[in-house]
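Beneath this line is the structure, given in structure tokens, with notes to follow.
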Amino acid sequence: MLRPTIDESGATPVDKPTIAAQTELAPGHRPRVVIIGAGFGGINAAMGLSRADVDVTVVDRRNYHLFQPLLYQVATAGLSPAQIAMPIRHILRRQKNATVLMDKVEEVDTDQRVVITSSSRIPYDYLVVATGARHAYFGRDEWEDLAPGLKTIGDATEIRARILSAFEKAEVSQDPALRARLLTFVVVGGGPTGVELAGAIVELARRAIVSDFRHIDSSTARVVLVEAGPRLLAAFPEDLSASAKRQLERLGVEVHLGHAVTQCDENGVMLADGETIASSCVLWAAGVQASRAAKWLDVEADRAGRVIVGDDLSVPGHPDVFVIGDTALVKGADGKPVPGVAAAAKQMGKYMARLIKARLAGRSIGPFRYADYGNLATIGRKAAVADFGRLHLSGFIAWLLWSFAHLWFLVGFRNRIIVFLDWAWAYATFDRGARLITERRGS
């Protein structure tokens, strides 16, 4: 069946195949919507159901919603964790139909329609899985302790401690070789996270802390970005990839393209061509793996662990179970996978709320369609790239657009103001006020 629908951008009606209501509800209670994960997708799905006649339960193993695109700034001492995170309960405090549970999901029984956590069994009529992604080490999971990735606040504070501790240890070292290794930072992976980390570390070393030490010159720190592919930012057009490389090199980052890491230990890394880079701080930004959702649901997944979903984001054979965000393999109108970015997850979360409300009202809506409003990546102070289809921007203008876009999407007016003031201060003074070395893992 075809019916006119309006796409997310507000465009004129077009004919799209509709997604019919299929879920049978158990009698005697309000429909129960369980959302696993309170990232961009999960939190937007929950908020979109604020006025619906349903009971919403949000389950997350952490008590906060994280603005992950700015996590690298916590890792490089630019922002504190509280500036980019907010308690889930606070976000949903006025939503009377929402319950928040901090718990760990162990499995999902789709036959009984029950989510099994470490402490309870939660029945559902509709299930939305939005559990995101984690680091992928391509079969070398033993590297995780040696080269931490960046997905959580714990990861960010650990990386911050490793970076700042390297400078502190170099300050007291009398061994030139050890000091050189301590002042060498290797970032593996040339995607947005790797580019952002490399640029931020070199700016920290050459601007923010350059006058803080007496026995070392932090501006001599070596920052190496290693990418196995032929260019940085592979999801961007080639001209913007080249621009990103030039901007990083102007900042002082060494960029190694076409070099995979074949060995990683406490002394540094070895590349595929046999080159070794001695470093006491190796950071991982080379790949991601979806959460365990496919195993919970016992459904088909791709090589990255993403659940293969239908046009309405439901799991084949389970019209009451939906998977969204980085956990899902969603095809766009062009047949290509929808990118794992915050904007896509937010759109999926909002679509889920509309779909559930439509089904409860006995209506049908069109399939999910991702609206691509552009792609942004920051490189450093006054350095960024922006892809808006035919319009490609780089440098200061792209950096301004990146800054305003990220401020706009931050949850909470207070966070926007605080981050804006911190950025304005850092821009004027080069100062980074979150240079704290907190308790390390295993210490």
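Along the sequence shown, residues are numbered consecutively beginning with 1. Computed from a prediction, not measured in an experiment: that's the story for all the values here.
In the displayed structure, Gln263 atom CD is contacted under 6.0 Å by more than 12 heavy atoms of other residues, nucleotides or ligands. By the neighbour-count criterion of 12 heavy atoms within 6.0 Å, atom CZ of Phe213 is densely surrounded, having more than that number from other residues, nucleotides or ligands. The environment of Ile397 atom CD1 is sparse: at most 12 non-hydrogen atoms of other residues, nucleotides or ligands sit within 6.0 angstrom. With a 6.0 Å radius and a threshold of 12 heavy atoms from other residues, nucleotides or ligands, Arg61 has its CZ atom at or below the threshold. By the 6.0 Å contact criterion, CZ on Phe388 is enclosed, its count of non-hydrogen atoms from other residues, nucleotides or ligands being greater than 12.
The side-chain hydrogen bond (donor to acceptor under 3.5 Å, both in side chains) pairs that include a residue from residues 77-90 are Ser80-Gln83, Gln83-Asp422, His90-Arg93, where partners are two or more places apart or lie in different chains. Sorted by first and then second residue, the pairs that involve residues 278-302 and meet salt bridge (charged side-chain N to carboxylate O under 4.0 Å, His left out), not counting sequence neighbours, are Asp302-Arg306. Within the structure, the side-chain hydrogen bond (donor to acceptor under 3.5 Å, both in side chains) test picks out the following pairs touching residues 223-232 (sequence neighbours left out): Arg231-Ser241. Sorted pairs that involve residues 274-287 and meet side-chain hydrogen bond (donor to acceptor under 3.5 Å, both in side chains), not counting sequence neighbours, are lacking altogether.
In this structure, the side-chain hydrogen bond (donor to acceptor under 3.5 Å, both in side chains) partners of Ser118, at least two apart in sequence or on a different chain, are Asp103. Remark: Arg222 engages Glu254 in a side-chain hydrogen bond (donor to acceptor under 3.5 Å, both in side chains) (not counting sequence neighbours). Scored by the salt bridge (Lys or Arg N to Asp or Glu O under 4.0 Å) test, Lys151 finds no partners at all (sequence neighbours excluded). In this structure, the side-chain hydrogen bond (donor to acceptor under 3.5 Å, both in side chains) partners of Asp273, at least two apart in sequence or on a different chain, are His259. Take His318 and apply the side-chain hydrogen bond (donor to acceptor under 3.5 Å, both in side chains) test, not counting sequence neighbours, and it matches no residue. In this view, Glu142 and Arg140 satisfy the salt bridge (Lys or Arg N to Asp or Glu O under 4.0 Å) rule, not counting sequence neighbours. For Asp212, the salt bridge (Lys or Arg N to Asp or Glu O under 4.0 Å) partners two or more places apart in sequence, or in a different chain, are Arg435. Here Asp387 pairs with nothing under the salt bridge (Lys or Arg N to Asp or Glu O under 4.0 Å) rule; sequence neighbours left out.
The backbone N or O of Ala38 lies less than 3.5 Å from a partner atom in the side chain of Asp60, making a donor-acceptor pair. Checking side-chain atoms of Arg179 against main-chain N and O of Ala170 turns up a donor-acceptor pair under 3.5 Å. In this structure, Ser218 contributes its side chain and Ala205 its backbone to a donor-acceptor pair below 3.5 Å. Tyr124 places no side-chain N or O within donor-acceptor distance of the main-chain N or O of Thr57, the cut-off being under 3.5 Å. Looking only at distances, no side-chain donor or acceptor of Glu203 sits under 3.5 Å from a matching main-chain atom of Ala208. In terms of modelled atom types and a separation under 3.5 Å, the side chain of Arg94 and the main chain of Ile91 share no donor-acceptor contact.
Counted by atom type alone, Asp175 and Ser173 present zero donor-acceptor pairs between their side chains at under 3.5 Å.
Considering only heavy atoms from C-beta on, Leu49 comes within 4.5 Å of Val33 through its side chain. Counting heavy atoms from C-beta outward, Leu257 and Lys245 have side chains that approach closer than 4.5 Å. By the 4.5 Å heavy-atom criterion applied to side chains, Gln73 and Ile84 are not counted as neighbours. Counting heavy atoms from C-beta on, the side chains of Tyr72 and Pro192 never come closer than 4.5 Å. Between Phe322 and Met348, the closest side-chain pair of non-hydrogen atoms is not below 4.5 Å. For the pair Trp296/Thr131, a side-chain contact is recorded, criterion being any heavy-atom separation below 4.5 Å from C-beta on. A heavy-atom distance below 4.5 Å is not found between the side chains of Tyr370 and Val330. A 4.5 Å side-chain heavy-atom check between Leu283 and Ile201 finds at least one atom pair inside the cut-off.
Classification of Arg32 and Asp55 as a salt-bridged pair fails, no side-chain N sitting under 4.0 Å from a carboxylate O.
Considering OG1 of Thr110 and CG of Leu127, their distance stands at 9.5 Å, rounded to 0.5 Å. Considering OG1 of Thr378 and CG of Leu70, their distance stands at 9.5 Å, rounded to 0.5 Å. Atom-to-atom distance recorded for Ile324:CD1 and Leu313:CG is 7.5 Å, nearest 0.5 angstrom.
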